Amino acid sequence: MSTINFANREINFKIVYYGPGLSGKTTNLKWIYSRIPEGRKGEMVSLATEDERTLFFDFLPLDLGEVKGFKTRFHLYTVPGQVFYNASRKLILRGVDGIVFVADSAPNRLRANAESMRNMRENLAEYGLRVEDIPVVLQVNKRDLPDALPVEMIQAVVDPQGRFPVFEAVATEGKGVFETLKEVSRLVLARVGST
Amino acid sequence: MVEPSLVLYGALYQRAMDVLQETLQETGARYALFVDRKGFVLAHKEALWAPKPPPLDSLATLVAGNAAATQALAKLLGEARFQEVVHQGERMGLYVDEASEFALLVLVFDDNAPLGKVKLHGKRAAETLARLAEEALANPPKLNLDTQYREEARALLDELFGN
């Protein structure tokens, strides 16, 4: 559920980038941070290890602007993708309004994609949520790899029912980054208007 | 359980602001924030004499993350909760206390504010804010946002993220 601050006329949404380790979640946020003009973004906070692996989360606040008198803001988070950081991952999902699942196109990461999706379902269940309850967008990243798997194959393991909108991406070059963010934002906003 | 939306509005918001203001006066702290556990600022007050605060979004997010990790640690050790958290540096300190299951009180203080006072008044303020949070959750205001909100928001998405 979004957080509404009537006194300051603000509506805030929490969007979480989920996915296996090294799939490009932080790279998405870094690209967004580098392209959003000053005044529409806050400081990016990264809690990472010395070798730049996410330890707890990355955080980036974005200002969409004023809609019907309400300042509308998105708080973007990433989770640590490495398997052994599950306790931290679970905490970040608290109060989530929308999820971008960043999958890796490398053939040797197919199983990691599937494991991460299963882990996301389990962690959401701890908050009484199912993936069907919240907007999820699937970003298939690293499409520039020479041996990138077909999108359909990745989709078949992480979303066999084809529920989630899919975007292909090369996050290091910004390809597909804003398209993905825009879609998850649109889905999240649509739920506010309809409740 | 789906996280409920904690919304402060009208008189409740004003009462929260009064609690924060009183706590600043009683403790000598610089900044007082009432944040939800998701890391969003619900209300905040700054002492008149205090310099510009750090970015509140970042502060609230890190405090909420830290509080969540502390709760997880408590559970691992078989405790229901660790209530307050105090961090003290050479000049600045941070006091965080639970204000219900869904919110936190944050006080940022410098070395002029006695820690005893911060803890004493912080604890009282957190209890009052917890009651306000429960009241707010019991009577959530209706948002009344219609399809026009969605359309206007979509136009802004185009502007910010491109077509």
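Owing to the predicted nature of the structure, the values given are computational and were not obtained by experimental measurement. To find a chain, count down the sequence lines: A is the first, B the second, and so on, and within it residues start at 1.
Neither the backbone nor the side chain of A/Arg35 comes within less than 4.5 Å of any heavy atom in chain B. A/Arg186 touches chain B through backbone and side chain together, each having a heavy atom under 4.5 Å away. Looking at A/Ile92, there are no atoms closer than 4.5 Å to chain B (heavy atoms on both sides), in backbone or side chain. Contacts of A/Ile36 with chain B are made by side-chain atoms alone, with heavy-atom separations under 4.5 Å and no backbone atom involved. Heavy-atom distances place the backbone of A/Glu66, and not its side chain, under 4.5 Å from chain B. Interface remark: B/Asp36 contributes side-chain atoms only to the contact with chain A (heavy atom separation under 4.5 Å). With a 4.5 angstrom heavy-atom cutoff, A/Ile32 does not touch chain B via any of its atoms.
Nearest heavy atoms, B/Pro55 versus A/Glu43: CG-OE2, 3.6 Å. Between B/Phe40 and A/His75, the closest heavy-atom pair is CE2-ND1, 2.9 Å. Here the closest heavy-atom approach between residue A/Val67 and residue B/Ala153 is recorded as CG1-N, 3.7 Å.
Between B/Arg154 and A/Leu189 the shortest side-chain heavy-atom distance does not fall below 4.5 Å. Side-chain contact check for A/Phe74 versus B/Leu160: every heavy-atom pair is 4.5 Å or farther apart.
Connection of A/Leu76 to A/Met44 is established within a shared hydrophobic cluster, with ILVMFWY side chains joined at heavy-atom distances below 4.5 Å, either directly or through further cluster members.
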